[in-house]
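The structure appears right after this line, and notes come after that.
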Amino acid sequence: EVQLQASGGGLVQAGGSLTLSCAASGGSFENYAIGWFRRTPGKERRGVSCISTVDGGTAYLDSVKGRFTISSDSAKNTVTLQMTNVQLEDTGVYYCAAVPYSFCTTNWSDYPEGWRSWGQGTQITVSS
């Protein structure tokens, strides 16, 4: 199974932009679903966005649609989450995760425990 390395977090002002990257090692992202999850204090871990390299499908949390874009780069073995017009509620620790031979269905994030590989979290703090 792939090992994941997340990067790109930091402090950003509301309305600004940030890009997160999830790099795979020990394998490739070919035929995987890769997801970004967010954890905030006092709240459950929540799926933010997903991309499947099986069919190219993507999925987004409603609150980030139109602001975040997920993409994959097979040559670099990387999945990127471009975040624009970030809002205070985007603050949290972001984790990338991967599961083989999967799709980004409407309930893709309902069972985080089913995702096989997890990267370390990267903190995003949005300031007003």
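Values below: all heavy atoms of this structure, side chains included; hydrogens, waters and symmetry mates excluded. Count residues from 1 along the sequence.
The line from CE of Met83 to OG1 of Thr80 is 12.5 Å long, rounded to the nearest 0.5 Å. To the nearest 0.5 Å, atom CD of residue Gln82 and atom OG1 of residue Thr19 are 5.0 Å apart. The SG atom of Cys22 sits 14.5 Å away from the OH atom of Tyr94 when rounded to the nearest 0.5 Å. With rounding to the nearest 0.5 angstrom, the CZ atom of Arg46 is 8.0 Å from the OG atom of Ser109.
Between the side chain of Arg38 and the backbone N or O of Val48, no donor-acceptor pair lies under 3.5 Å. A distance-only check finds no donor-acceptor pair linking the side chain of Tyr111 to the backbone of Asn107 [under 3.5 Å]. Side-chain atoms of Asn77 never come within 3.5 Å of backbone atoms of Ser25 as a donor-acceptor pair (strictly under, hydrogens ignored). Looking only at distances, no side-chain donor or acceptor of Thr91 sits under 3.5 Å from a matching main-chain atom of Glu89.
Of all heavy-atom pairs between Arg45 and Pro112, the closest is NH2-CB, 3.5 Å. Shortest non-hydrogen contact noted between Ser21 and Thr78 is CB-CG2, 4.1 Å. The minimum heavy-atom distance between Ile51 and Val79, with the atom names listed, is CG2-CG1, 4.0 Å. Pairing each heavy atom of Glu1 with each of Ser117, the nearest pair is CB-OG, 3.8 Å. When all heavy atoms of Tyr60 and Ile70 are compared, the closest pair comes out as OH-N, 2.9 Å. Annotation for Arg39 and Tyr95: closest pair CB-CE1, 4.0 Å, computed over non-hydrogen atoms.
No side-chain heavy atom of Ser52 sits under 4.5 Å from any side-chain heavy atom of Trp108. For the pair Thr53 and Ile34, the minimum side-chain heavy-atom distance is below 4.5 Å. Contact annotation: the side chain of Ser128 approaches that of Leu88 to within less than 4.5 Å [non-hydrogen atoms, C-beta and beyond]. Looking at heavy atoms from C-beta onward, Gln120 lies out of side-chain contact with Leu4 at the 4.5 angstrom threshold. Val64 places none of its side-chain heavy atoms less than 4.5 Å from the side chain of Gln87. Within the 4.5 Å cutoff, the side chain of Val126 has heavy atoms near those of the Ile124 side chain. Contact of the Phe103 side chain with the Asp55 side chain is registered, since non-hydrogen atoms from C-beta on lie closer than 4.5 Å.
Between Phe68 and Trp36, the ring centre distance reaches or exceeds 6.0 Å. Between Phe37 and Trp115, the ring centre distance stays below 6.0 Å.
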* Could you walk me through whether Ser17 and Val12 pass side-chain contact (heavy atoms from CB on, under 4.5 Å), step by step? => CA-CA 7 Å; Ser17 300; Val12 60; over 6 Å; no
* Verdict with reasoning, Leu20 to Thr122, per side-chain contact (heavy atoms from CB on, under 4.5 Å) -> CA-CA 8 Å; Leu20 300 183; Thr122 184; 4.0 Å; yes
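Trp118 and Val2 are members of different hydrophobic clusters when ILVMFWY side chains are connected at heavy-atom separations under 4.5 Å.
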